[in-house]
Amino acid sequence: MPGFGYDSFNPLRSFMSGLRKSSGRLKSLRHPNPSGAPKTAFAEDLKSFKKNIFDPQQKFLLRMNRFFFLSCIFAVAVDPLFFFLPVIDNSNCIGIDKKLAVTSTVVRTIIDSVYLIRVFLQFRTAYVAPSSRVFGSGELVIDPTLIAMRYIKSYFLMDFFALLPLPQIVVWRYLHSSDGPDVLATKDALVWVVLCQYIPRLLRIFPVTKDLKRTAGVFIETAWAGAGYYLLWFMLAGHNVGTLWYFLSIERKDSCWLANCHATDGCEPTYLYCSENHGGSERYKNWSTSTPIFNQCNGTDESFNFGIYQQALVSGILGPGNFVSKSCYCFWWGLQNLSTLGQGFVTSTYPWEVLFSIAICILGLILFALLIGNMQTYLQSVAIRLEEMRVKKRDAEQWMHHRSLPPDIRERVRRYERYRWLETRGVDEENLVQTLPKDLRRDIKRHLCLGLVKRVPLFENMDERLLDAICERLRPALYTEHEYILREGDPVDEMQFILHGSLESVTTDGGRSGFFNKVQLKEGSFCGDELLTWALDPKSGANFPVSSRTVKALSEVEAFSLRADELKFVASQFRRLHSRQVQHTFRFYSQQWRTWGACFIQAAWRRYYKRKMAEQRRREEEAANRQSSSSSGPSLGATIYASRFAANALRGVHRLRSKAAALPIVRVPKPSEPDFGVDVDDAD
């Protein structure tokens, strides 16, 4: 058909052309990067290059590596299914389960196709140049040739051998040529192919986990996931041992048949393997109906010792069909003997059986030790905080007993430690936050403290920048019931903002007799306001102010504290705010100013009352004098005497009234005024 150009096609010429192109590419590997393109780049500059090179820290590769890890686990679990292909057919011959063969090969092909994507990505994933690993993440090698050479020298051969479709080829060959002798060849080929490929298919999991650790920083994030990971490996080992035990049971029964198959009885080895040619042979029919081989090799006859494989023969799992029951039974057998280290084995003298039993004991010992050790490590990490609390509690008890502390102090220590554990679960929040970057630390503090700070009336109208400065410097504080936070007369070194709980604030004005003032502080209140006065004073010295009140916790209290030096820094920014508004708010909510205001009002009222009483007395005396002068009587002496008597009586009444009203006026000194004074220009 020359019109369509088929005469110009030459297979030999096409093959030689492809060979020349391949040789040219191989030569380019020896002399990489001939165009002078950059070989390395930083991760942030990788997108500017028009190459399909992936950054090893990309989230896409992280998700793909997790997917590849799952595919490797499935591959390790699917490969032993090829050991289930040999079955004892209903006609007492060894055959191959064709349905399971097709299913196993299809599943394996799909899993290998998924991992083939990883092989392609390995040729396009940059790596950090070893010479740049001085500080930081280093430079990435983006030259495709160098990346390919590195992968070929490391894991390519292992991946290539693991992806060879050898079991698929063996099964495909059997399905297209199902003669009797082919069953034996297929059975023997499957066991060696699967066992040889199982090692690289198992080892390729470690490069995937290595990439996951390099990308995510950690492979297993939670303790329960770590325990489940090692439990999964133990279960996979039980699955593999169970499938191999099934295959070796078939082999052992085959050996029994061959040992009892004699030509004198009309037995031929080909009769032991299922074939379509056996159905038309009269000699095979006569032999199958008269031979005692099947009864001698059914596991109940003592003429042949099956050892650890006798259970498989008696249970009937070697027959075709019912794959779920067969796999579950073998899985249970593998887990049971791995966990018990093969203690229930009753082996025969067959060497391979003894070696298999020894391998199960050693493998079970290693895996069981790894499982218990790692599960204990991971599960202990869950309760490590609880154990630390127990150790700390024990140390505290020993110390208090050694120092002979009184019982009430011991109970206070126990109550405080118990309350702190309930609130924090042993986590040192302050140290945890301090290790974070400044911007992230500011956002966390803002999330935790902004609502509390805005509930404090003194700070509710502050600007956002100042609120951030306050939140950043607040520290968590916990107080138990009946614990004193401040004592009257002690220096005040921090200001407390109440988050939860209630407190009692009491003052006696320095111990003055007859003076007592008590208020209750709740959520949103603050104490230690003397420190704010000290911080706002630009001339304040290094000595802290003295507390004018005693503050005691009435219940468990959770608060945030602001230390003196931190408050000094924050208070320096108050001059940029509306001074009068802050001054009135401070005076209104400060307990010290409230007490002074109450005493001031009380003293003013008593002075007013005293003046009113004096004026009333004067008016009454004048009225009495006018009455005495205007009255007439029989005698002037009697009148004078009566007026004097009335005046003295009035003086006695007024004197009693004055004594009743003249209680001592408590004069509380005016609190120190914070430096709220700012100019209008400064406030703007």
Side-chain angles (χ1 to χ4, degrees), residues 42-44 57 59 135-137 216-218 221-222 385 420-479 485 492-501 521-538 540 544 557-579 581-582 585-586 589 674-676 678 682-684:
F42 289 101
E44 56 271 14
Q57 299 296 328
K59 292 184 178 180
F135 184 77
S137 58
V218 61
E221 297 182 358
T222 62
R385 297 294 182 187
R420 190 176 69 170
W421 166 257
L422 292 176
E423 292 296 329
T424 64
R425 293 296 175 181
V427 178
D428 192 349
E429 298 179 358
E430 189 63 27
N431 291 336
L432 181 63
V433 174
Q434 289 299 325
T435 58
L436 300 175
K438 185 176 181 180
D439 183 64
L440 183 57
R441 185 169 63 245
R442 182 186 296 111
D443 292 341
I444 293 176
K445 287 284 190 177
R446 180 183 179 86
H447 172 73
L448 295 176
C449 308
L450 184 61
L452 169 66
V453 173
K454 285 188 174 181
R455 286 201 303 266
V456 178
L458 185 62
F459 300 133
E460 62 181 356
N461 295 320
M462 301 293 182
D463 57 359
E464 295 296 326
R465 186 177 59 84
L466 188 56
L467 289 177
D468 288 341
I470 296 174
C471 293
E472 188 177 356
R473 288 161 177 81
L474 289 178
R475 300 174 182 274
L478 299 174
Y479 302 99
I485 301 175
V492 182
D493 58 351
E494 59 184 7
M495 194 172 179
Q496 304 286 342
F497 301 93
I498 312 304
L499 181 60
H500 298 294
L521 305 179
K522 294 184 178 181
E523 178 181 346
S525 303
F526 59 91
C527 60
D529 47 300
E530 298 89 353
L531 195 63
L532 182 60
T533 304
W534 170 84
L536 290 174
D537 187 4
S540 60
F544 294 142
V557 175
E558 186 177 356
F560 282 101
S561 63
L562 193 59
R563 296 188 303 184
D565 53 344
E566 303 288 358
L567 184 60
K568 189 76 172 178
F569 173 79
V570 175
S572 63
Q573 305 184 41
F574 279 5
R575 299 179 183 277
R576 300 184 180 92
L577 304 176
H578 301 286
S579 59
Q581 181 180 5
V582 177
T585 304
F586 175 77
Y589 289 99
D675 186 14
F676 289 106
V678 295
D682 295 338
D684 297 337

Asker: To the closest 0.5 Å, what do you measure between CD1 (Ile444) and CD (Glu472)?
Answerer: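 Those atoms lie 11.5 Å apart.
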
Asker: Identify the heavy atoms of Gln496 and Ala559 that sit nearest to each other, and give their distance.
Answerer: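 That closest heavy-atom pairing would be OE1-CB, 4.1 Å.
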
Asker: Roughly how far, to the nearest 0.5 Å, is the CZ atom of Arg446 from the CG atom of Asp468?
Answerer: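 One gets 4.5 Å once the value is rounded to the nearest 0.5 Å.
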
Asker: What do the steps show when you test Ile498 against Lys522 for side chain to side chain contact (heavy atoms under 4.5 Å, CB included), and what is the final call?
Answerer: CA-CA 7 Å; Ile498 312 304; Lys522 294 184 178 181; over 6 Å; no

Asker: Report the residues that fulfil side-chain contact (heavy atoms from CB on, under 4.5 Å) with Arg473, sequence neighbours left out, ordered by chain and then residue number.
Answerer: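 Arg473 satisfies side-chain contact (heavy atoms from CB on, under 4.5 Å) with Ala469, Leu562, Glu566, Phe569, Val570 only.
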
Asker: Could you tell me which non-hydrogen atom of Val492 sits nearest to which non-hydrogen atom of Phe544, and how far apart they are?
Answerer: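 Shortest heavy-atom contact: O-CB, 3.4 Å.
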
Asker: Quick check for you: to the nearest 0.5 Å, what is the distance between Leu478 atom CG and Ser561 atom OG?
Answerer: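 Answer rounded to 0.5 Å: 10.0 Å.
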
Asker: Once rounded to the nearest 0.5 Å, what's the spacing between atom SG of Cys471 and atom CZ of Arg441?
Answerer: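 Reported value, rounded in 0.5 Å steps: 13.5 Å.
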
